[in-house]
Amino acid sequence: MTAQIINGKEIAKKLREKIKNEVQELKGKGITPGLAVILVGDDPASQVYVRNKEKACQEVGIYSEIHHLSETISQSELINLIDKLNTNPQIHGILVQLPIPAHLNEKEVIERISPQKDVDGFHPLNAGALFVGEKSLQPCTPKGCLYLLKEIGYDLKGKKAVVVGRSNIVGKPVAMMLLQEHATVTICHSRTKDLKSELLQADVVVAAVGKANFIKGDMLKPGAVVLDVGINRLENGKLVGDVDFETAKEKASWITPVPGGVGPMTIAMLLANTLEAAQNTLG
Ligand code: GUN
């Protein structure tokens with residue numbers, strides 16, 4: 001079997017068009033959605049991500065401002081900025097680009113962001129809401145994964161899903177969302193005894209481990225749907241996922257490429273969350 005490709009780039013583009021229309025509608029009611037992105041330091045990859053977020057906002061008519069802070073900023077200066085943004089009525093979403101320098105307290109920073117403006121869905125209140133199945137702002141990459149499954153018309157009910165990776169950003173939240181859609185969910189990680197035997201049972205695989213080409217075709221059940229969240233750069237400069245695309249596509253029924261799969265969905269969902277946070281202010 002050769003898998004069908006899940007074209008995240010196209011799906012994200014369509015979604016951005018829909019968001020653009022809803023932004024226009026909200027503007028008609030006197031509200032322009034606004035996103036503040038905080039970038040600390042000069043990490044080149046983070047700078048690219050932040051620039052892409054800014055560009056995406058402009059395209060759909062969302063107001064955005066970038067706060068580019070020095071690598072040496074203090075915790076209290078960063079907290080003061082978050083406090084100001086929390087009370088700024090023009091700003092509906094606040095995102096602190098991670099990772100932040102080691103001298104800063106990431107947990108305190110995340111918890112300082114108003115849960116209503118937490119467009120990353122990382123605040124414990126939003127994470128808790130996801131855990132108990134209540135509506136809330138949800139993490140962008142996991143939300144993008146579920147959107148892709150919906151787009152290909154995949155019904156998760158009763159299916160076996162295996163998530164590889166247990167981060168707070170992807171692994172844990174995506175597992176909760178799959179569970180919410182009635183899948184039977186297993187979370188695997190670096191201490192899992194026999195990853196291959198777990199994967200061989202999986203109807204759906206979400207790979208979020210951060211290891212280049214880690215999951216090979218022979219580890220997949222024939223016909224599996226494979227979502228590859230990994231973005232790894234090889235020494236030759238090539239961008240690859242956590243799944244070995246060439247061997248996996250011979251076993252899977254559907255698979256996301258890297259780049260052009262899950263990646264574009266993350267930014268589209270950030271726009272969706274910013275729009276949602278702005279809509280929520282209407283009551
Ligand atoms: N760094 C890598 N991924 C993310 C993300 O989803 N949100 C934030 N804030 N930082 C990141």
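Both counts, for ligands and for their atoms, begin at 1 and track the order of listing.
- With respect to Phe122, the side-chain contact (heavy atoms from CB on, under 4.5 Å) criterion is satisfied by exactly one of Leu137, Val109, Leu95, Leu98: Leu98.
- Proximity of atom 10 (N) of ligand 1 to the protein is indicated by at least one non-hydrogen atom lying closer than 4.0 angstrom.
- Leu98 O, 2.9 Å is the protein heavy atom nearest to atom 1 (N) of ligand 1.
- With hydrogens left out, the protein atom closest to atom 4 (C) of ligand 1 is Gln97 NE2, 4.4 Å, a heavy atom.
- For ligand 1 and Leu95, the ligand atoms under 4.0 Å from any heavy atom of the residue are 9 (N).
- Asp155 and His182 share no side-chain donor-acceptor pair at under 3.5 Å.
- Residues Glu65 and Gln90 bring no donor and acceptor atom of their side chains to less than 3.5 Å of each other.
- Closest protein heavy atom to atom 7 (N) of ligand 1: Asp120 OD1, 3.0 Å.
- Only the backbone of Val96 comes within 4.0 Å of ligand 1, counting heavy atoms alone; no side-chain atom from C-beta on gets that close.
- Contacts between Phe122 and ligand 1 below 4.0 angstrom, taking non-hydrogen atoms only, involve the side chain exclusively.
- For Lys18, the NZ atom sits in a loose shell: 12 or fewer heavy atoms of surrounding residues, nucleotides or ligands are nearer than 6.0 Å.
- Checked against Asn273 for a side-chain contact (heavy atoms from CB on, under 4.5 Å), the options Asp118, Leu35, Val119 give a single hit: Val119.
- In summary, the side chains of Glu134 and Ser136 do not present any donor paired with an acceptor at a separation below 3.5 Å, with no hydrogens or angles considered.
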